[in-house]
Amino acid sequence: MDFGVLLGLAYNQFVAELHEHLAERGFTNLRPAFGYAFKVLAVRPMTTSQLAARLEITPQGAAKTVEEMVAAGYVERVADPADGRVRLLHLTDKARALMSAGHDFHVAFERGLSAELGEDRIGALREVLTAVVARSDSPEGLARTLRQV
């Protein structure tokens with residue numbers, strides 16, 4: 001199997017297991033763009049336009065994603081204390097709990113692989129993956145393409 005295909009299939013399996021883990025904890029109605037939006041909004045609240053710029057998507061795409069996140073109970077619009085006409089997007093407690101559950105899954109997944117295959121092998125895998133990512137002139141740009149949760 002080609003190396004790139006293997007990487008892609010491994011990533012898809014990881015995401016499938018992550019979504020199963022989250023669904024078992026009641027986190028549903030997730031869309032591919034939510035994950036990166038959550039990470040951006042966890043740093044600081046921002047407007048829909050600012051979120052669009054940060055995610056490098058169209059304002060219309062951001063507005064659609066925001067509507068979906070609001071409808072699912074993950075984001076709320078709050079008046080900006082500095083200018084009440086402006087609405088800032090804030091993560092809800094539900095979104096923060098989702099992010100915590102996602103982090104727990106990441107840790108458990110890696111621990112499970114370490115237990116199954118050995119810490120040395122997983123450490124080596126981590127080094128290889130880190131080296132592949134480091135080849136990019138913009139690792140941040142690569143992360144933007146990961147719109148999965």
Sidechain-backbone polar pair: Thr47 side chain, Leu88 backbone, donor-acceptor under 3.5 Å: no
inquiry  = I'd like to know whether Leu98 forms a side chain to side chain contact (heavy atoms under 4.5 Å, CB included) with Leu30, so could you lay out the CA-CA distance, the side-chain angles of the two residues, the decisive distance to 0.1 Å, and finally the verdict.
reply    = CA-CA 10 Å; Leu98 167 86; Leu30 300 175; 4.1 Å; yes
Side-chain contact test, heavy atoms from C-beta onward, threshold under 4.5 Å: evaluate it for Leu7 versus Phe3 and give yes or no.
yes
Practice task
Please state whether the rings of His21 and Phe105 are parallel, tilted or perpendicular, taking 30° and 60° as the class boundaries.
Solution key: tilted
Let me check something: do Leu18 and Phe109 share a hydrophobic cluster, defined by ILVMFWY side-chain heavy atoms less than 4.5 Å apart, either directly or through other members? yes
(message) Would the distance check show the side chain of Ser100 and the main-chain N or O of Arg96 forming a donor-acceptor pair, the cut-off being under 3.5 Å?
(response) no
Discussion item. Centroid separation under 6.0 Å, is that true for the rings of Phe14 and His106?
Written reply: yes
query: Taking NZ, NE, NH1 and NH2 as the nitrogens, is one of them in Glu67 or Arg77 under 4.0 Å from a carboxylate oxygen of the other?
result: yes
State plainly whether one hydrophobic cluster holds both Leu9 and Leu129, where clusters connect Ile, Leu, Val, Met, Phe, Trp and Tyr through side-chain heavy atoms under 4.5 angstrom apart. no
Give a yes or no on whether Val70 and Leu41 share a hydrophobic cluster (residues Ile, Leu, Val, Met, Phe, Trp, Tyr; joining criterion: side-chain heavy atoms under 4.5 Å apart).
-> yes
- [ ] May I ask you to decide if Gly73's main-chain N or O and Thr92's side chain share a donor-acceptor pair within less than 3.5 Å?
- [x] yes
Apply side chain to side chain contact (heavy atoms under 4.5 Å, CB included) to the pair Gln50 and Arg44, showing each step before the final yes or no. CA-CA 11 Å; Gln50 291 168 330; Arg44 70 175 178 83; 4.1 Å; yes
Handout entry: Test item: Asp80 side-chain N/O and Ala82 main-chain N/O as donor-acceptor pair under 3.5 Å
Key = yes
